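A note on names: the letters A, B, ... follow the listed sequences, proteins ahead of strands, and every chain is numbered from 1. Given the structure is predicted, the values throughout are model-derived calculations rather than measurements.
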Amino acid sequence: MLQNYYQQVKLPSGQVHVYAGPELFAALDYKVFELANNNLQIPNQVYMGYTPDVHVGVGTCIGTTAVWNVEDGYVSPSIVGSDIGCGMRVHLTNLHKDELKDVKLRRKLVKAIEKYLPMEEHGRGHFSDIRLEHVVKKGLHGLPKKYIPDAYTPRKATSLTHVESSKFYVEGGALGLFPERVWHRSHRQLGTLGGGNHFAEIQAIEIPEENREIAEAWGLTDGQVVIMIHSGSRAWGGSVSQYCSSNMTKMMKAEGLGTADPKLVFAPLAHELGKDYVELMYSALNYAVVNRHLIAYAIREAGKDVFGSKFEMSTLYDLMHNYAWEEEHDGHSYFVHRKGATRALPAQHPDNPEPYKETGHPALIPGSMGSSSYIMVGKPGGRDNYHSICHGAGRIRSRSASKRLITVEEFAASMRVGMEDEIVLNQRSLESMVDESPQAYKDVDQIIESVVGAGLAEVVAKCKPLATVKGA
DNA sequence: ATGTAC
């Protein structure tokens, strides 16, 4: 049974472990194996895995788990990708989907969100009480207390405890490398979604029978309205990536390091440039988690405007799908890269944050526009893939091809425009978002089926969109 | 995904 969802592919430079059902495996672009072969030319690699939503990226595929030993390992900005710390966050509300049946109320809520959540960089003076230096050095712990409304008692400290990581240690030496304009722009981009597939969504959840106990332990109920956020580290992460990649490229030339792909950049963990990159990458992970936190803060304000002070929005979880860090597996320390891959730890795994020790933590998987997203939990079988599962649907058409091939009418139909159950969008033209139409992506349900079939994770809740807010 | 240069 299990082998139907797993293939070991032998390539000239090594092997890649592919988790995908037969149909998805057969449909993979041969280029994903070319990229795997290049990645496997980086020295000392211990493991490389692909998730069922794998697709071609720059230098490395989205859907990659790449692992080294800490002692003789390598770090690659190309494998992490340029949206460092990009990830997902879900908040639970005390609303039921029936309370949002009226399309006019959904419109009102989206309007309120647009008022509090800036779509572009905001003007000077906004968040002037937040110090960017504290944010990138200390993550959520660098925010003034007023932005952590539920942090005053240990039991209710959900914003700080229900996250994959609330703080990465950043000494700060390498921070001096960035020009003033990057600091300025990044401060003004705090709490903004950004473009592409990033979104904030109002969703209603459905709980399948098999994991009802876990759902209850997490506070999930049938028909409950949740807020899902998908965003990253904006210009800050992009600058880290660009700066470190260009320095590493020079070093690689000088030292004769490299693979068949000049765009695949890497350095030994022990090298000065490797250490600089890890520290700066951590600053971007800090930025990303704070960015998602502030987006949630804005949406909470909007919710209170529409539903009054009784509106609640507790944090279920915040986790990343573009990052690299040290992890223990079976007592050994590894340096694990995840690009478009989500960690999903099973029950009792020691790396679960305290509130999720017994059950495993929520693994959050976004769907494409108009389609469902998922809240999953890891299973012990995930160990074989270093506990990595998918990160979403996976693109099947480039942005340019999507704009050429998908009509606005097709896109509008998928968003049920004009129907009573229309998925309400914020004020942007449909034309400008056609490249995010579900027809540009694989079917997320099929991806999830592969993840479950392979024994990596299971579904705890399916989240259906009621309203979607996209950035600029 | 993103900023910037073409």
Inset, instruction - Please report, rounded to the nearest Å, how far the C1' atom of dA1(B) is from the CH2 atom of Trp236(A). - result: 17 Å
Legend entry - d(CZ, Phe199(A); C1', dA1(B)) in whole Å: 15 Å
Legend entry - Spacing of His198(A) atom NE2 relative to dT2(B) atom C1', expressed in whole Å: 10 Å
Legend entry - Phosphate-side-chain proximity, Arg185(A) and dT2(B), N/O vs OP1/OP2 below 4.0 Å: no
Legend entry - Atom-to-atom span, CZ of Arg234(A) to C1' of dT2(B) - whole angstrom: 8 Å
Inset, instruction - Take the protein atom CE of Met320(A) and the nucleotide atom C1' of dA1(B), then report the distance between them rounded to whole Å. - result: 17 Å
Inset, instruction - With heavy atoms under 4.0 Å as the rule, sort Gln189(A) into base, sugar-phosphate or nothing. - result: sugar-phosphate
Inset, instruction - Could you tell me if the ring centre of His17(A) sits under 6.0 Å from that of Tyr47(A)? - result: yes
Legend entry - Exercise: do Glu436(A) and Tyr441(A) side chains pair donor with acceptor under 3.5 Å: yes
Inset, instruction - Could you label the plane-to-plane angle of the His329(A) and Tyr386(A) rings as parallel, tilted or perpendicular, counting under 30° as parallel and over 60° as perpendicular? - result: perpendicular
Inset, instruction - Remember a base hit wins even if backbone is also touched, and classify Gly232(A) as base, sugar-phosphate or nothing at under 4.0 Å, heavy atoms. - result: nothing
Inset, instruction - When you get a sec, tell me which of dT4(B), dA1(B), dG3(B) is the closest nucleotide to the side chain of Arg181(A)? - result: dT4(B)
Legend entry - Rounded interatomic separation in angstrom, taking CZ from Arg188(A) and P from dG3(B): 13 Å
Legend entry - Length of the line joining Glu121(A):CD and dT4(B):P, which is rounded to integer Å: 9 Å
Legend entry - Trp218(A) and Tyr356(A) aromatic ring geometry - parallel, tilted or perpendicular at 30°/60° bounds: perpendicular
Legend entry - Atom-to-atom span, OH of Tyr243(A) to P of dT2(B) - whole angstrom: 23 Å
